[in-house]
Amino acid sequence: MAQQEDVFKKLVSHCKEYGFVFPSSEIYDGLAAVYDYGQMGVELKNNIKKYWWDSMVLLNDNIVGIDSSIFMHPTIWKASGHVDAFNDPLIDNKDSKKRYRADVLIEDQLAKYDDKIDKEVAKAAKRFGDSFDEAQFRSTNTRVIEHQEKREALHSRFSKALNAGDLEELRQIIVDEEIVCPISGTKNWTEVRQFNLMFSTEMGSTSDGALKVYLRPETAQGIFVNYLNVQKTGRMKIPFGIAQIGKAFRNEIVARQFIFRMREFEQMEMQFFVKPGTELDWFAKWKENRLKWHKALGLGDQKYRFHDHDKLAHYANAATDIEFEMPFGFKEVEGIHSRTNFDLSQHEKFSGKNIKYFDPDLGESYTPYVIETSIGVDRMFLSIMAGSYVEEQLENGETRVVLQLPAALAPIKLAILPLIKKDDLPELAKEIMDDLKFDFKCQYDEKDSIGKRYRRQDAIGTPFCVTVDHQSLEDRTVTIRHRDSMEQERVAISELKAIISAGVSMKELFKKLVK
Ligand code: GAP
């Protein structure tokens, strides 16, 4: 665990050192849970968005995109339920004056029981060696059974309180479990209160005429309220989807774990409109499609898993998360929900407008059901960085830090490096760059030894380094170095475009998706 935390810390500082992610407003000591993407980060982020966008609107002729505004009519958030129910239960420690999410404190306590069990298992595994039977140990060891029973009792009490929205019971659990504030170390807790996560501001210049508006907490509602505009103007027939990428804002109480939980973040959401009664089949299809999309990146199939929801929101009839193994455990990266016709029906009710779909095949109108796939760009970014960061021990005893990014997503596709800064080598290197820059994001670097330059490119995940040497002037060949294997081969300059293109093209990823 401590080792994993260490990896996470290294990842955060790597992100900063190499221009991927900076804390926002850093020279003013930062702004909690808000981050800026640097020169490398923005390229990676744009590539992630392109991978998602094209996989939706290019590969599916029944999915189109939109870009709706961040501000929307405030009644939308009343209709969607966000004004009344988009809440987190918060609790304050009176001594440290620190605020926590009551549910997160209890979840951390559950994780402590899991840790205790894991420690017992690890200790026994060490003691018994090859003859260790983990399943038998877990079912017979008294200490493990005791921890397991306590965990299960807590879990069931917690789920019941959460489902019933019983804030007093949540507080009582914190008291009974003797949970202390990590800062003050005391159990001096306030009551638990509901806290709405939406940011609001005012639109309009006069105070009496100003309208309270919200910064959208999800992009999905912009799709719901436009679905009929798109359907009619695009002559879409059900089933069809609408995709959107955009900023969302949530006043998270506990914002931690770097860009995992932010107050300003970006979502990629797709709502798929289907005929009532077919939604569970579509839900299963989208589950499979979306997992395929993640796995195609090649970070390791074992790093992903589904987490099906036991407890469903009142408007959903199926829900799952795709989780990725972050340095701090398996965590949600994407949510897939079968949202029934809840949102569209609510907008119909609150707007008073008929927004039903006329089905030409059936000759009747109905409110479509919706399958939603919703993924955070920033969480996806973090999962890719975490899955790609490798510290490699080399034969010469040195450590190489390499970002083994999927080549199609790498910020820089190739570096062009003259072996030395004279003898016409820079001129030839720049000539190559001028030819290739129309096709690939390239970086020219002539500073420091070639070894140091290779390391700099490894650290930002550049898949190819092209080195121009004296032989290049004679026979117009160069060496091309592959990031992961560090192997080098001599190739003709005229072949570079085809070699690099085959290695970094998103097309290869897309081909895996349509198989
Ligand atoms: N429209 C459905 C919806 O918004 P959600 O589970 O609340 O569902 C979807 O959010 C995705 O958005 C999550 O799986 C996560 O990737 C991302 N996300 C949510 N809150 C976030 C936050 N505070 N910071 C970063 N990403 C977040």
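In summary, the side chains of Q443 and Q457 do present a donor paired with an acceptor at a separation below 3.5 Å, with no hydrogens or angles considered. S68 and Q244 form a side-chain donor-acceptor contact under 3.5 Å, judged by distance and modelled atom types alone. In this structure, a donor-acceptor pair under 3.5 Å is present between the side chains of E177 and Y113. At a cut-off of 3.5 Å, with distance as the only test, no side-chain donor of N141 or E120 sits close to an acceptor on the other residue. Side chains of T340 and N317: a donor-acceptor N/O pair is absent below 3.5 angstrom, by distance only.
Take F249 and apply the ring pair (Phe, Tyr, Trp, His ring centres under 6.0 Å) test, not counting sequence neighbours, and it matches no residue. Applying the ring pair (Phe, Tyr, Trp, His ring centres under 6.0 Å) test to F137 and every residue at least two apart in sequence or in another chain returns F132. In terms of the salt bridge (charged side-chain N to carboxylate O under 4.0 Å, His left out) criterion, residue partners of D458 (sequence neighbours excluded) are, by chain and number, R400, R455, R481. Here F86 pairs with H82 under the ring pair (Phe, Tyr, Trp, His ring centres under 6.0 Å) rule; sequence neighbours left out. The salt bridge (charged side-chain N to carboxylate O under 4.0 Å, His left out) search around K303 returns none, not counting sequence neighbours. Listed by chain and number, the residues in a side-chain contact (heavy atoms from CB on, under 4.5 Å) with D54 are K50, L58, F510 (sequence neighbours excluded). With sequence neighbours excluded, the residues satisfying side-chain hydrogen bond (donor to acceptor under 3.5 Å, both in side chains) with D308 are K287, T320.
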Practice problem: Apply side chain to side chain donor-acceptor pair (under 3.5 Å) to Q148 and E152, showing your working. | Solution: CA-CA 6 Å; Q148 193 60 38; E152 273 161 26; 3.0 Å; yes
Self-check item: Criterion side chain to side chain donor-acceptor pair (under 3.5 Å) on T186 and N93, from CA distance to verdict
Solution: CA-CA 8 Å; T186 71; N93 182 270; 3.3 Å; yes
Quiz item: Are D92 and R193 close enough, and set up right, to give a salt bridge (charged side-chain N to carboxylate O under 4.0 Å, His left out), and what steps lead you there?
Solution: CA-CA 9 Å; D92 293 277; R193 281 170 294 139; 3.0 Å; yes
Exercise. Check the pair Q302 / E325 against side chain to side chain donor-acceptor pair (under 3.5 Å), numbers first and verdict last.
Key: CA-CA 9 Å; Q302 76 289 354; E325 191 176 17; over 6 Å; no
Practice problem: Start with the C-alpha gap between F22 and Y35, add the side-chain angles, then the distance that decides, and say whether ring pair (Phe, Tyr, Trp, His ring centres under 6.0 Å) holds. | Solution: CA-CA 6 Å; F22 306 125; Y35 290 90; over 10 Å; no
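Identified under the salt bridge (charged side-chain N to carboxylate O under 4.0 Å, His left out) test for residues 156-167, with sequence neighbours left out: R157-E169, R157-D176. Within the structure, the ring pair (Phe, Tyr, Trp, His ring centres under 6.0 Å) test picks out no pair touching residues 139-160 (sequence neighbours left out). Pairs passing the ring pair (Phe, Tyr, Trp, His ring centres under 6.0 Å) check and including a residue from residues 162-190, sequence neighbours excluded, read Y100-W189.
Atom CD1 of I223 is separated from atom CD1 of I66 by 5.0 Å, given to the nearest 0.5 angstrom. Here the straight-line distance linking atom CG of L382 with atom CD1 of I259 works out to 5.0 Å at 0.5 Å rounding. Taking OG of S200 as the reference point, atom CG of N251 lies at 9.5 Å (rounded to 0.5 Å). Rounding to the nearest 0.5 Å places CG of L105 at 10.5 Å from CG of L170. Taken from CD1 in I253 to CZ in R101, the straight-line distance is 6.5 Å, to the nearest 0.5 Å. How far CD of E146 is from NZ of K116: 9.5 Å, rounded to the nearest 0.5 Å.
Ion pairing of K187 with D95 is absent here, as no side-chain N (NZ or NE/NH1/NH2) approaches a carboxylate O to less than 4.0 Å. The pair R456-D445 meets the salt-bridge criterion, since a charged nitrogen lies less than 4.0 angstrom from a carboxylate oxygen. Salt bridge absent: R453 and D448 never bring a charged side-chain N and a carboxylate O closer than 4.0 Å. Ion pairing between K10 and E391 holds under the 4.0 Å rule for side-chain N and carboxylate O. Using a cutoff of 4.0 Å between basic side-chain nitrogens and carboxylate oxygens, E134 and R138 are scored as salt-bridged. Salt bridge D114/R151: present, at least one basic N to carboxylate O contact under 4.0 Å. Between E202 and K212, none of the side-chain N atoms (NZ, or NE/NH1/NH2) sits under 4.0 Å from a carboxylate O, so this pair counts as no salt bridge.
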Let me have the donor-acceptor pairs involving side chains of residues 123-130, under 3.5 Å, with sequence neighbours excluded, atom names and distances please.
none

Validation: residues 367-381 side-chain donor-acceptor distances under 3.5 Å, sequence neighbours left out:
{"residue": "E372", "atom": "OE1", "partner": "R339", "partner atom": "NH1", "Å": "3.2"}
{"residue": "E372", "atom": "OE2", "partner": "Q271", "partner atom": "NE2", "Å": "3.1"}
{"residue": "E372", "atom": "OE2", "partner": "R339", "partner atom": "NH1", "Å": "3.1"}
{"residue": "S374", "atom": "OG", "partner": "E269", "partner atom": "OE2", "Å": "2.6"}
{"residue": "D378", "atom": "OD1", "partner": "Y37", "partner atom": "OH", "Å": "2.6"}
{"residue": "D378", "atom": "OD2", "partner": "E266", "partner atom": "N", "Å": "2.8"}
{"residue": "R379", "atom": "NE", "partner": "F260", "partner atom": "O", "Å": "2.8"}
{"residue": "R379", "atom": "NH1", "partner": "E332", "partner atom": "O", "Å": "3.1"}
{"residue": "R379", "atom": "NH2", "partner": "F260", "partner atom": "O", "Å": "3.3"}

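Within 6.0 Å of CZ in R143 there are 12 or fewer heavy atoms belonging to other residues, nucleotides or ligands. Atom NZ of K49 has more than 12 neighbouring heavy atoms from other residues, nucleotides or ligands inside a 6.0 Å radius. Within a 6.0 Å radius of NZ in K112, no more than 12 heavy atoms belonging to other residues, nucleotides or ligands are found. Within 6.0 Å of the NZ atom in K292, the count of heavy atoms belonging to other residues, nucleotides or ligands exceeds 12.
Figure legend: cation-pi geometry between R290 and W286 absent, as NZ or CZ is not positioned both under 6.0 Å from the six-membered ring centre and within 45° of its axis. Relative to the ring axis of W282, K285 places its NZ or CZ within 45° and under 6.0 Å from the centre.
In this structure, N47 contributes its side chain and L409 its backbone to a donor-acceptor pair below 3.5 Å. A donor-acceptor pair is defined here as one N or O able to donate and one able to accept, closer than 3.5 Å; no such pair exists between the side chain of K78 and the backbone of D84. Checking side-chain atoms of D88 against main-chain N and O of N196 turns up no donor-acceptor pair under 3.5 Å.
Closest of all the heavy-atom pairs between V192 and P89 is CG1-CB, 3.7 Å. Looking at every heavy atom in both residues, D36 comes nearest to S24 through OD2-CA, 3.5 Å. Annotation for I384 and L299: closest pair CA-CD1, 4.0 Å, computed over non-hydrogen atoms. C15 and M385 get closest at one heavy-atom pair: SG-CE, 3.7 Å.
R250 pairs in a side chain to side chain contact (heavy atoms under 4.5 Å, CB included) with only one of the listed residues (E264, E218, R261), which is E218.
The distance between the ring centers of Y304 and F330 does not fall below 6.0 angstrom.
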